[in-house]
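Keep in mind that the numbers below use all heavy atoms, side chains included, and drop hydrogens, waters and symmetry copies.
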Amino acid sequence: MHPHIQILLKCVSLEEKEQVQRYSLDQQHTLKQLKAEGLALHPLIVTRKTFGYADYPEISFKLSFPPEANMFKDGAAIECFIAGEEPVKGVLISLDGKNGEFRLFAPDFPDWIEDDAVGIKLAPDTRTTTIMKKVMNDLESNKPLFRLFEQLHEEKKLPAPSSPDKSKADVIPFINKKLNKSQQEAVAACVQNEQLTIVHGPPGTGKTTTLTEAIVQLVRAGEKVLVSAPSNTAVDNISKELIQNGVKLLRVGNTSKVDETIFSHTPEGKLSNSKQQKEIKQLKIRAEEFRRMAIKYKRSFGKAEREQRNLLFKEVKNIRAEIKKLQYYNEEKLFEGAEVIAGTPIGLYDAQIDQLHFKTLVIDEAGQCIEPLAWCIFPFAEKIILAGDHWQLPPTVLSNEAAVLGFNNSILEIAIGHTNNIHLLNTQYRMRQSIAGFSSQYFYNSLLHTAEHLSNTGTHLSFIDTAGSGYNEKHGPDGVSLQNEGELNIVLQLLEKELLEPASTAFISPYSGQVAAAKEVLPKQIRISTIDSFQGQEKENIILSLVRSNDDGDIGFLKDYRRMNVAITRAKEKLFIIGDSATIGADKFYHEFLSYVEQHGSYRTVWEFEM
């Protein structure tokens with residue numbers, strides 16, 4: 001077996017083991033600890049109970065306080081729990097602020113679901129890890145695919161790509177006439193792709209617009225295209241654009257919480273008024289009858305009643321299996337008629353589409369996609385397009401040991417050093433020139449330009465230096481994450497001095513402890529978030545609190561410069577950064593950044609604020 005396949009298999013096992021240890025609720029891992037680490041949401045207030053896809057129980061809930069829950073991504077494996085009862089496995093459908101929804105893999109709602117102190121916690125995603133292990137073990141038997149694997153793991157990296165052949169873009173009849181030159185070249189590369197093309201789209205450069213044009217062009221050329229992304233949100237974003245461009249799209253996977261534009265393009269939405277759906281409805285009614293009969297038997301009952309209840313639940317299970325079989329049969333016809341099929345890697349793998357023939361697979365947000373997940377869907381198509389930005393945050397990996405082995409290297413990061421077919425979208429349309437400038441200089445070799453209408457019209461970038469103020473970092477109430485009360489005082493004064501509109505402003509920080517503290521003191525209309533949770537979003541004004549202030553120059557995970565790239569590219573109009581130059585200035589990255597602010601922004605000190 002190829003040594004790197006062995007490494008990846010080891011990493012999948014390490015990650016699985018870490019999930020089991022990290023998510024356990026036991027004497028070593030108390031509920032308080034899980035909540036502090038953002039791994040549990042508790043207590044929940046149940047607002048609605050329904051039976052959803054394949055007649056599984058679905059629960060809508062709200063929280064009394066918006067959580068810091070960037071680990072709770074849609075589609076995450078969860079367990080619903082209450083003290084003293086067996087937890088029930090399920091999947092998170094959505095979480096937006098204080099409101100969320102999850103599905104339980106059970107025949108019915110637990111009796112205790114509406115009791116006080118119900119919660120959900122993350123659970124090991126054994127289904128995904130099982131699929132990844134199977135795919136990696138089978139990889140060498142697929143010769144063309146294994147050749148690509150070997151190419152991506154050659155020790156020697158290819159030199160940087162030469163200037164693209166601009167003439168290629170001249171022969172494409174572009175539908176979107178507003179594309180800039182670099183976007184046109186990227187579209188042409190996607191259309192003429194022979195094996196692997198990378199569209200490198202830094203923040204605000206119109207990556208979705210470019211990919212949409214490329215996919216529409218491929219469909220017009222008669223291709224059937226597969227579209228994926230690591231999160232349901234990213235899949236929905238590109239799906240909406242494709243639907244608006246008249247593409248016959250089928251959205252598969254976790255579609256319980258998609259909006260109306262997309263729902264009518266899901267198997268459920270397309271079949272909602274069909275004869276087959278009426279048959280499924282009848283089966284659901286039967287399942288509900290058996291279920292009601294079963295729940296008449298309460299928790300205290302004898303052996304005969306238990307057997308009767310088990311038989312009734314078994315019948316419910318059989319009916320649901322029949323419903324699933326019917327749904328698969330009906331979906332097969334929909335798959336054949338679609339020009340584009342879209343879903344997450346596991347959603348597409350589960351859709352059993354391997355018998356269909358796809359020319360091209362497009363993976364958006366490929367910088368967030370761990371390598372084994374990509375190999376789950378690479379076999380479905382002849383040609384691959386990876387799009388994203390490897391200078392943004394890498395995929396989340398829990399196991400430090402797996403991360404050291406390279407498990408948090410995304411498929412984009414791995415591929416970008418082993419192909420010359422890379423196309424940078426070089427004009428950003430999100431932020432003012434001075435805000436984008438340092439990111440362009442440090443991460444993108446000064447190749448990232450700013451659209452003309454976003455030239456500077458004043459001071460858009462400010463660093464507020466707390467050196468010498470005594471505003472030191474300290475551990476929060478959980479004893480783990482860091483806070484800096486002094487920096488929050490500055491934030492309150494900034495809001496007043498700069499007349500910042502709270503609804504147009506976001507406060508972000510690398511530390512969840514600072515985010516928790518900010519939620520106690522800042523106006524409720526301000527979006528308050530960790531950097532990780534804010535990736536992919538933007539606001540008119542951003543206030544970034546760096547937190548670290550100590551005598552040792554210890555900057556912890558501020559050392560992850562990609563996290564800082566995310567942080568400094570969220571603001572459209574004004575970016576304020578609060579930090580201690582004495583602590584961060586010895587680091588080369590921050591030294592360069594502070595020099596950039598002195599040249600292109602406003603370098604301010606804490607002394608202009610009331611101490």
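Residues P510 and L558 share a closest heavy-atom pair of CG-CD2, 3.5 Å. Of all heavy-atom pairs spanning A366 and I411, the tightest one is O-CG2, 3.7 Å. Taking every heavy atom of both residues into account, P345 and A229 meet most closely at CD-O, 3.3 Å. Scanning both residues, L575 and A567, for their nearest heavy atoms gives CD1-O, 4.4 Å. When every heavy atom of L139 is checked against every heavy atom of I5, the shortest pair comes out as CD2-CD1, 4.0 Å. Of all non-hydrogen atoms in N409 and I414, the two that sit nearest each other are O-CD1, 3.7 Å.
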- Take E501 and K539, measure what salt bridge (Lys or Arg N to Asp or Glu O under 4.0 Å) needs, and give me the verdict at the end. CA-CA 11 Å; E501 179 62 44; K539 277 279 185 188; over 6 Å; no
- Residues L373, T128; criterion side chain to side chain contact (heavy atoms under 4.5 Å, CB included); working and verdict: CA-CA 8 Å; L373 267 186; T128 299; 4.1 Å; yes
- Task: Check the pair N489, V491 against side chain to side chain contact (heavy atoms under 4.5 Å, CB included), reporting the backbone distance first and the verdict last.
- Result: CA-CA 5 Å; N489 290 335; V491 175; over 6 Å; no
- List the steps, then state whether ring pair (Phe, Tyr, Trp, His ring centres under 6.0 Å) holds for F576 with F463. CA-CA 6 Å; F576 300 91; F463 182 83; over 10 Å; no
- Message: Using the rule given for salt bridge (Lys or Arg N to Asp or Glu O under 4.0 Å), can you reason through R22 versus E15, listing the C-alpha separation, both sets of side-chain angles and the distance that settles it, and then say yes or no?
- Response: CA-CA 10 Å; R22 184 83 66 96; E15 186 70 2; over 6 Å; no
- Show the numbers, then the answer: is there a side chain to side chain contact (heavy atoms under 4.5 Å, CB included) between L405 and L14? CA-CA 10 Å; L405 290 169; L14 286 167; 4.0 Å; yes
- Message: Please determine whether side-chain hydrogen bond (donor to acceptor under 3.5 Å, both in side chains) holds for the pair T583 and N550, giving the CA-CA distance in whole Å, both sets of side-chain angles, and the decisive distance to 0.1 Å.
- Response: CA-CA 6 Å; T583 300; N550 55 66; 4.7 Å; no
- Could you walk me through whether T466 and I578 pass the side chain to side chain contact (heavy atoms under 4.5 Å, CB included) check? CA-CA 7 Å; T466 66; I578 307 168; 3.9 Å; yes
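Using modelled atom types, one finds no donor on one side chain facing an acceptor on the other under 3.5 Å when comparing Q368 with H390. At a cut-off of 3.5 Å, with distance as the only test, a side-chain donor of E487 or S545 sits close to an acceptor on the other residue. Side-chain atoms of T126 and T129 include no donor-acceptor pair closer than 3.5 Å. In this structure, a donor-acceptor pair under 3.5 Å is absent between the side chains of N541 and S504.
Classified by interplanar angle (parallel below 30°, tilted 30° to 60°, perpendicular above 60°), the ring pair Y442/Y561 is perpendicular. In this pair, F593 and F589 present their aromatic rings parallel. The plane angle is below 30°, not in the 30 to 60° band.
Atom CD1 of I238 is separated from atom CD1 of I363 by 11.5 Å, given to the nearest 0.5 angstrom. A distance of 10.5 Å separates OG of S509 from CG of D532, quoted to the nearest 0.5 Å. In this structure, CG in L348 is found 8.0 Å from CG in L361, a value given to the nearest 0.5 Å. To the nearest 0.5 Å, the span separating CG on L495 from CZ on F507 amounts to 10.0 Å. Here the CG-CG distance, from L312 to D108, works out to 11.5 Å after rounding to the nearest 0.5 Å. Separation of atoms CE (M136) and SG (C11) is listed at 10.0 Å; rounding is to 0.5 Å.
The neighbour count for W391 CH2, taken as heavy atoms of other residues, nucleotides or ligands under 6.0 Å away, does not exceed 12. At most 12 heavy atoms of other shown residues, nucleotides or ligands fall within 6.0 angstrom of atom NZ in K89. Crowding of Q6 atom CD: a count of heavy atoms from other residues, nucleotides or ligands under 6.0 Å exceeding 12.
Residues forming a side chain to side chain donor-acceptor pair (under 3.5 Å) with S231 (at least two apart in sequence, or on another chain): none. Listed by chain and number, the residues in a side-chain contact (heavy atoms from CB on, under 4.5 Å) with A351 are V252, F335, I353 (sequence neighbours excluded).
Looking only at distances, no side-chain donor or acceptor of R548 sits under 3.5 Å from a matching main-chain atom of I584. Between the side chain of K121 and the backbone N or O of Y23, at least one donor-acceptor pair lies under 3.5 Å. Under the 3.5 Å distance criterion, the side-chain polar atoms of S533 are left unmatched by any main-chain donor or acceptor of S529. Under a 3.5 Å cut-off, the side chain of S410 and the backbone N or O of C369 do not form any donor-acceptor pair.
The closest side-chain heavy-atom distance from D350 to I131 is below 4.5 Å. With contacts defined as side-chain heavy-atom distances shorter than 4.5 Å, the pair E540/T505 does not qualify. Side chains of H42 and L31 form a contact here, defined as non-hydrogen atoms less than 4.5 Å apart. Side-chain contact check for M132 versus I370: some heavy-atom pair is nearer than 4.5 Å. Put simply, the side chain of V88 does not reach to within 4.5 Å of the side chain of F105, judged on heavy atoms. In this structure, F61 and I120 have side chains that are in contact, with non-hydrogen atoms separated by less than 4.5 Å. Residues P203 and Q392 have side chains in contact (heavy-atom distance under 4.5 Å, counting atoms from C-beta outward). For the pair Y471 and D580, the minimum side-chain heavy-atom distance is 4.5 Å or more.
For F109 and F51, the distance between ring centers is under 6.0 angstrom.
E538 and R570 are not joined by a salt bridge, as no carboxylate oxygen comes within less than 4.0 angstrom of a charged side-chain nitrogen. Taking a cutoff of 4.0 Å between a charged side-chain nitrogen and a carboxylate oxygen, K17 and E401 do not qualify as a salt bridge. Between R48 and E101 there is no salt bridge, since none of the side-chain N atoms of the basic residue sits less than 4.0 Å from a carboxylate O of the acidic one. Salt bridge present: D236 and R251 bring a charged side-chain N and a carboxylate O closer than 4.0 Å.
Among Q514, H475, K474, the single residue meeting the side chain to side chain contact (heavy atoms under 4.5 Å, CB included) criterion with L482 is H475.
Judged by the 6.0 Å distance and 45° axis criteria, R563 is positioned over the aromatic ring of F557.
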